[in-house]
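Below you'll find the structure, written out as structure tokens, and then a few comments.
Just so it is clear, the model here is predicted, and its values are computed rather than measured. Read the numbers this way: they start at 1 and go in the same order the structure lists the ligands and their atoms.
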Amino acid sequence: MVGNRMKRLLSVLFLLAAMVTAVIGVNVTYDHRAVVIDGKRRVMVSGSIHYPRSTPDMWPGLIQKSKEGGLDVIETYVFWNLHEPVRNQYDFEERKDLVKFIKLVADAGLYVHLRIGPYVCAEWNYGGFPVWLHFIPGIQLRTDNEPFKAEMKRFTAKIVSMMKDEKLYASQGGPIILSQIENEYGNVAESYGPAAKSYIKWAASMATSMDTGVPWVMCQQKDAPDPIIDTCNGFYCDGYKPNADNKPTIWTENWTGWFLTFGGAVPYRPVEDVAYAVARFYQRGGTFQNYYMYHGGTNFGRTTGGPFISTSYDYDAPLDEYGAPRQPKFGHLKDLHKAIKLCEEALVATDPATTSLGQNVEASVYNTSSTCAAFLANVDTQNDATVNFNGNSYRLPAWSVSILPDCKNVAFNTAKINSMATVRRFVATSVDKLSDSKAISSDWSYVSEPVGISSNDAFDKKGLVEQINTTADQSDYLWYSISINFKGDKPLLRDESQTTLHVKSLGHVLYLFINGQLEGSAIGSYDHPNFSKDFLVTLKHGKNKLDLLSLTVGLQNYGAFFDKTGTGITGPVKLDGLKNGSVVDLSSQRWTYQVGLKGESLGLHTGGSTLWVSGTPKSQPLTWYKTNFDAPSGDNPIAIDFTGMGKGEAWVNGQSIGRYWPTYIAPTTGCSECSYKGSYSPTKCLKNCGEPSQKLYHVPRSWLKSSGNVLVLFEEKGGDPTQISFATQELESVCSQVSESHPLPMEAWSQDKSKSKASVSLECPHPNQVISSIKFASFGTPQGTCGNYSHGECKSIDALSIIQKACIGSRSCSVDVSTSTFGDPCIGVVKSLAVEASCA
Ligand code: GAL
């Protein structure tokens with residue numbers, strides 16, 4: 001009885017204590033070594049997840065996996081143009097529910113770094129700026145300009161006050177421990193002249209005046225005024241020193257891969273190199289590092305920037321576009337985080353003492369009277385090294401860092417992966433239970449989009465117009481239409497079939513229609529959005545209708561004055577090859593313009609309207625298609641494979657899944673073997689050369705009902721929607737390859753190390769799955785990677801049966817990589833164990 005009362009009293013006291021902490025909040029400061037939370041210096045690992053690049057339904061899972069992966073902090077930008085699509089009209093619903101996202105992060109016990117920007121870059125349309133900013137009289141973006149500063153301050157204040165109202169700052173008991181103002185302005189400041197300096201001073205004092213109670217950072221801003229911390233972005237940030245001794249070394253963007261563009265091959269960054277960069281950073285004095293991206297996700301709707309940024313923003317991040325752990329990247333970094341955390345006490349206590357252990361090999365030691373941690377780095381891009389450190393010998397693979405949390409034992413080496421690998425693939429799935437067809441539907445209806453001017457809002461103007469100024473980005477599409485009359489006294493044409501129409505455009509895509517027929521197209525690319533093209537065209541005597549449809553594929557997001565780059569057919573537009581040898585310059589003639597498509601103004605994307613007629617015309621440009629479908633069964637992530645279509649946008653139950661463009665093919669070259677050793681760059685490691693840059697497009701499960709879903713496509717070039725199919729993400733294999741010389745698994749750290757061995761561990765990702773078969777097992781000198789291992793010359797004959805016995809029927813298994821388990825098939829050779837298994 002007394003015991004119960006006591007328990008109740010204790011729990012009330014506990015609750016009160018929790019409430020007091022929540023109300024009082026924690027004190028976040030910083031010093032030379034670290035971000036300091038409630039008086040304690042912290043080593044932190046952070047990861048970027050941009051809330052609108054996934055759905056609220058996915059958020060809890062993503063956050064939970066981030067926590068499992070060893071993150072302490074989630075970093076996100078705030079996307080101004082999403083939240084304020086019309087000046088003074090705010091939107092924080094669904095994927096835009098910033099407060100909900102932050103609260104979910106808090107619920108998981110993680111912190112938040114809120115990067116308000118409000119310029120964010122981020123491969124996001126117009127760098128996150130609402131396009132209406134551009135139309136404010138006298139405005140100059142990102143410089144010391146009163147109209148701009150007023151807007152930037154208003155939006156920053158809006159976000160800060162929302163956060164304060166919800167008590168989301170750590171100072172109020174919430175999760176936000178850091179906040180960013182501006183973004184990489186230092187990279188472009190010079191172009192803005194002397195006003196750059198005063199702008200940054202203003203931005204700093206504007207931010208600090210908001211009184212958030214937590215520190216502010218500016219990234220890539222060497223002259224960030226006190227008390228703002230200047231931070232580093234890049235593939236490597238070791239050796240970065242902030243601009244004052246009382247500021248900690250923070251890495252706000254460690255690019256885990258790179259973004260994909262329409263027309264580009266798919267970039268990836270080997271995890272050995274990511275881990276190397278991270279370990280080097282902590283080795284050389286860093287205490288806060290953020291993965292950009294930890295989950296990249298999807299650019300739904302028309303949110304991509306670029307131009308030419310793809311709809312997928314997978315980024316080769318530790319969590320793939322669909323939220324699944326990308327293994328071994330996820331697991332290897334998780335092990336790395338554990339190793340770094342084992343060093344925390346030493347890391348925050350002192351600066352490292354670095355000494356050379358030979359050419360390209362250096363040791364950094366964090367040593368205090370009570371603790372010692374060491375990092376041994378071999379920065380050589382080719383050669384492994386054997387070094388002597390504190391009287392012990394260590395083998396250091398080229399381009400690797402070993403972490404010794406006790407200055408003696410190696411807990412982790414960046415180049416030796418203990419974590420398992422997985423192979424996931426999208427497999428076409430049939431939604432029609434009665435047939436084997438993989439098509440989404442054979443039952444389509446359509447609406448033809450008129451060629452040229454169809455709207456009462458069309459207008460005439462002399463000369464050619466710039467596109468963003470004209471559309472205000474309300475649509476990707478702008479029609480430029482003109483009629484040419486070749487009847488008259490002087491027959492102008494030399495040869496009716498040999499006329500050249502020369503068009504110069506700032507980009508990004510152009511379709512040319514003559515007399516209602518698609519005659520040709522021109523496309524730019526990420527590196528060269530603009531183009532000039534000569535179309536050989538046929539004109540008839542009499543009146544000819546020229547309709548040029550100019551398109552944007554995301555507005556530029558980076559560079560000095562990126563907002564002024566402009567798009568569209570600014571000319572010249574000329575007709576060449578005329579009979580008298582003259583050129584007719586159409587550029588300054590009167591053109592008729594229409595912003596957007598008829599189908600857009602009718603809202604066809606929802607599938608409503610009485611205009612739909614049944615049928616599936618194929619290869620017909622400018623066509624809206626619609627069908628109904630049942631959701632693919634199960635709960636694996638879903639994509640649409642758009643093979644068969646040209647280019648356009650797609651909506652599921654009225655929600656845009658983004659622009660699709662499976663016909664933009666990556667170059668055939670540039671995908672040669674890539675080694676993780678040596679400095680990474682975005683073009684170093686590429687895959688999918690000669691294939692569509694993106695053919696699979698994410699359809700979030702939460703946007704679907706089990707049946708009666710509506711899919712609408714707008715196809716620009718012409719395609720065949722009966723060819724498109726659903727695909728679901730399936731786990732094909734789990735693998736692991738570990739050698740006798742690998743460090744012990746991280747779990748062994750707290751155990752008796754002399755009794756532990758390097759080991760292979762496999763686990764089926766889903767709790768209700770077990771290892772159902774062993775596709776490959778070899779102990780000796782196996783070669784290859786997950787999905788295509790092969791035996792080497794040296795192999796134990798028992799490997800397969802030993803692994804089968806240990807693993808089949810269990811969700812997970814672990815087997816020592818040891819001759820006592822497998823016998824010794826080749827004495828004196830370092831052996832490894834490779835296993836590939838499947839789960840069911
Ligand atoms: C950085 C920028 C990020 C993102 C990244 C590339 O320069 O700060 O927002 O654009 O590059 O993915």
Side-chain angles (χ1 to χ4, degrees), residues 46-53 74-82 113-129 141-142 178-191 200 203 216-222 224 229-237 240 250-262 264 266-269 274 277 289-299 303-319 321 526-527 554-563 565 680-686 693:
S46 168
S48 292
I49 301 178
H50 296 155
Y51 52 99
R53 286 177 155 143
I74 303 292
E75 182 179 286
T76 183
Y77 282 129
V78 178
F79 298 87
W80 188 358
N81 54 10
L82 270 194
H113 175 195
L114 192 66
R115 307 174 82 194
I116 298 179
Y119 165 72
V120 298
C121 194
E123 290 68 71
W124 193 263
N125 197 46
Y126 218 44
F129 282 149
L141 307 188
R142 299 184 81 195
L178 282 181
S179 209
Q180 178 179 306
I181 195 76
E182 249 295 341
N183 189 74
E184 294 192 334
Y185 191 69
N187 292 1
V188 294
E190 217 184 314
S191 312
I200 278 305
W216 287 89
V217 310
M218 283 181 170
C219 59
Q220 299 291 95
Q221 194 69 50
K222 267 279 111 191
I229 310 167
D230 56 311
T231 66
C232 180
N233 291 350
F235 289 112
Y236 308 92
C237 277
Y240 184 83
I250 295 182
W251 188 0
T252 27
E253 290 182 27
N254 172 9
W255 302 317
T256 50
W258 200 241
F259 53 82
L260 173 66
T261 62
F262 284 126
V266 179
Y268 65 95
R269 185 177 180 198
V274 181
Q289 182 266 154
N290 174 75
Y291 297 104
Y292 186 102
M293 302 296 296
Y294 197 72
H295 171 254
T298 310
N299 294 312
T303 58
T304 67
F308 292 97
I309 297 294
S310 60
T311 296
S312 168
Y313 198 63
D314 179 88
Y315 221 91
D316 198 34
L319 298 176
E321 177 173 4
Y526 178 74
D527 291 329
L555 303 190
Q556 192 161 328
N557 59 268
Y558 183 71
F561 306 106
F562 72 86
D563 51 299
T565 313
Y680 183 79
S681 73
T683 51
K684 185 178 176 190
C685 303
L686 298 171
S693 300

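Among the candidates Trp255, Tyr291, Tyr294, the single residue satisfying the side-chain contact (heavy atoms from CB on, under 4.5 Å) test with Tyr315 is Trp255.
Between the Gln221 side chain and the Asp230 main chain, no donor and acceptor come within less than 3.5 Å of each other. Here the side chain of Asn125 pairs no donor or acceptor atom with the backbone of Gly554 at under 3.5 angstrom.
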Item to complete: Determine, step by step, whether Glu253 and Asn183 satisfy the side-chain contact (heavy atoms from CB on, under 4.5 Å) criterion, reporting the C-alpha distance in whole Å, the side-chain angles of both residues, the deciding distance to 0.1 Å, and the verdict.
Response: CA-CA 11 Å; Glu253 290 182 27; Asn183 189 74; 4.0 Å; yes

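Protein residues having at least one heavy atom under 4.0 Å from any atom of ligand 1 are Tyr77, Val120, Cys121, Ala122, Glu123, Asn183, Glu184, Asn233, Glu253, Trp255, Trp258, Phe259, Tyr292, Tyr313, Tyr315, listed by chain and number.
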Tabulate below the donor-acceptor pairs under 3.5 Å that side-chain atoms of residues 116-124 make, not counting sequence neighbours, or state none.
residue, atom, partner, partner atom, Å
Tyr119, OH, Asn557, O, 2.6
Glu123, OE1, Tyr313, OH, 2.4
Trp124, NE1, Asn81, OD1, 2.9

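Using cut-offs of 30° and 60° for the angle between ring planes, the Tyr77 and His50 rings count as tilted.
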